[in-house]
Number of protein chains: 2
Amino acid sequence: MNISEVAIKAGLSVKTVRYYADIALVPEAERSAAGYRTYDEPALKKLIFAKRAREFGFSISECQELLSLYQDEERTSANVKVIAQRRLEEIIQKQKELESLRKELAHLVSSCNGDDRPNCPIIDYLG
Amino acid sequence: MNISEVAIKAGLSVKTVRYYADIALVPEAERSAAGYRTYDEPALKKLIFAKRAREFGFSISECQELLSLYQDEERTSANVKVIAQRRLEEIIQKQKELESLRKELAHLVSSCNGDDRPNCPIIDYLG
DNA sequence: CTACAACTTCCAGTAACAGGAAGGTCAAGT
DNA sequence: ACTTGACCTTCCTGTTACTGGAAGTTGTAG
């Protein structure tokens, strides 16, 4: 597989596939005689894994940890769980922040007339 | 007021106060004879406004719009409301994404034994 | 007069890529 | 054989909203 094919299959952009190798998130691809990157199934699987982990919001370095656990036959599920649990807490924390913002902003928005006069509770609140 | 005093009062870092003037989010501060930035109450108020707007997650350019509306005696509350409404929709969208992620991740985490064996539904799911 | 804190400008780094330039390669059609 | 166009390469810059740090200047307390 060339890079565009693997990118499509992994659901990533070509740029991102190259980037992931640049930063060593995944190993450098093999090269054809002309210097083109070539990918096999295991390489594709790592890219898919990285993609999915990123979608959960794991940082690149967390993805690195997860990928190495993925390839480690002697991993412990405890190690994996710690990382996932930590991310879960982050998500919950972020949800709390957003919910608090949403309530406040929704209140302001609903109390704003939205007409052609300058008086505005949103501006008042911020000022 | 010197920059550190205004920064404290606005709840911003000194770096951020300088940055906001660099990018023209707020006007450049007056200078003392020695070149020190000096701030008056109106300058402080703009910084506080910017700080609050940022806390709501408005981007710098949205803060710029809001600040100019703040200073515009002839603004319409409709203009303000549009910006706030848009941000509110973004927040709600983000909440949906996070909730979906949270559910999925929580499910995986709870189904992972977290012991010393390699078998792990989290890894399985990602791979 | 000497510390030392606070100020200045300027440059680099962060996260995770995306955009684009300049140039090489491959496959299809003529 | 040649050309065209899609695809590949590397390298450099830009994005967002700052933060960190170096090198040099100023203000103030003792």
Side-chain angles (χ1 to χ4, degrees), chain A residues 1-26 28-40 43-44 46-67 86-87 90-91 94 97 101, chain B residues 1-26 28-40 43-44 46-67 86-87 90-91 94 97 101:
Chain A
M1 273 181 279
N2 275 352
I3 195 167
S4 63
E5 191 178 347
V6 85
I8 288 168
K9 285 185 179 165
L12 296 169
S13 73
V14 166
K15 285 276 186 187
T16 300
V17 173
R18 276 195 286 253
Y19 176 69
Y20 284 173
D22 280 353
I23 62 171
L25 174 58
V26 298
E28 273 290 353
E30 303 294 307
R31 299 297 181 118
S32 73
Y36 282 24
R37 288 173 179 81
T38 59
Y39 298 84
D40 54 12
L44 171 58
K46 285 171 199 162
L47 287 169
I48 290 173
F49 186 99
K51 162 93 195 289
R52 298 226 178 106
R54 287 289 298 132
E55 282 173 348
F56 272 111
F58 290 107
S59 70
I60 293 285
S61 85
E62 284 167 335
C63 290
Q64 239 148 17
E65 295 181 61
L66 289 170
L67 261 166
R86 194 174 59 201
R87 176 66 193 135
E90 282 173 20
I91 290 172
K94 190 72 185 171
E97 292 168 19
L101 282 185
Chain B
M1 277 181 277
N2 275 352
I3 195 167
S4 63
E5 190 178 347
V6 84
I8 289 167
K9 285 185 180 166
L12 296 168
S13 74
V14 166
K15 285 275 188 186
T16 299
V17 173
R18 275 195 286 253
Y19 176 69
Y20 283 174
D22 280 353
I23 61 171
L25 174 57
V26 297
E28 274 290 354
E30 302 293 307
R31 299 299 180 115
S32 74
Y36 281 26
R37 288 173 180 81
T38 59
Y39 298 84
D40 53 14
L44 170 58
K46 285 170 200 164
L47 288 168
I48 290 172
F49 186 98
K51 162 94 195 291
R52 298 223 179 109
R54 286 290 299 132
E55 282 173 348
F56 272 109
F58 291 106
S59 70
I60 293 285
S61 82
E62 285 167 334
C63 289
Q64 240 148 16
E65 296 181 59
L66 290 169
L67 260 166
R86 195 173 57 202
R87 176 68 192 133
E90 281 174 21
I91 290 173
K94 191 73 186 170
E97 291 168 20
L101 283 185

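Note that the structure is predicted; figures quoted are calculated from it, not measured. Every chain is numbered from 1 and lettered A, B, ... according to where its sequence line falls, protein lines coming before strand lines.
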Inset, instruction - For each nucleotide in nucleotides 10-23 of chain C, reading 5' to 3', give B when a protein heavy atom comes within less than 4.0 Å of its base, S when such contact involves only the sugar-phosphate, and - otherwise. - result: ------BBSBB---
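For the side chain to side chain donor-acceptor pair (under 3.5 Å) test, residues two or more places apart in sequence or in another chain that qualify with B/Lys51 are B/Glu55. Taking the side-chain contact (heavy atoms from CB on, under 4.5 Å) definition, one finds that B/Tyr19 meets it with B/Ile23, sequence neighbours left out. For B/Glu30, the salt bridge (Lys or Arg N to Asp or Glu O under 4.0 Å) criterion is met by no residue, not counting sequence neighbours. Partners of B/Thr38 according to the side chain to side chain donor-acceptor pair (under 3.5 Å) rule, which considers only residues two or more places apart in sequence or in another chain, do not exist here. Evaluation of the side chain to side chain donor-acceptor pair (under 3.5 Å) rule for A/Arg52 yields no partner, not counting sequence neighbours. Under the side-chain contact (heavy atoms from CB on, under 4.5 Å) criterion, A/Ala10 pairs with A/Leu12, A/Leu44, A/Leu47, A/Ile48, sequence neighbours left out. In this structure, the side-chain contact (heavy atoms from CB on, under 4.5 Å) partners of A/Ser59, at least two apart in sequence or on a different chain, are A/Ser61, A/Glu62. Considering only residues two or more places apart in sequence or on other chains, B/Tyr20 meets the ring-ring contact (aromatic ring centres under 6.0 Å, His included) condition with none of them.
Among the heavy atoms of the strands, none lies under 4.0 Å from A/Ile23.
For D/dT10, one of the phosphate oxygens OP1 or OP2 lies less than 4.0 angstrom from a side-chain nitrogen or oxygen of A/Arg37.
For residues 7-18 of chain A, every residue pair satisfying the salt bridge (Lys or Arg N to Asp or Glu O under 4.0 Å) rule, not counting sequence neighbours, is listed here: A/Glu5-A/Lys9.
Against DNA chain C, the stretch residues 46-53 of chain B makes no heavy-atom approach under 4.0 Å.
Between B/Val14 and B/Ser4, the shortest heavy-atom distance links the atoms CG2-CA, 3.8 Å.
Distance CD1 (A/Ile3) to P (D/dT10): 9 Å, rounded to an integer number of Å. In this entry the distance linking CG of A/Asp22 with C1' of D/dT13 reads 15 Å, nearest Å.
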For nucleotides 25-27 of chain D, give me every protein contact, N/O to N/O, under 3.5 Å, one pair per line with atom names.
from	atom 1	to	atom 2	distance (Å)
D/dT26	O4'	B/Tyr36	OH	3.4
D/dT26	O2	B/Tyr36	OH	3.4

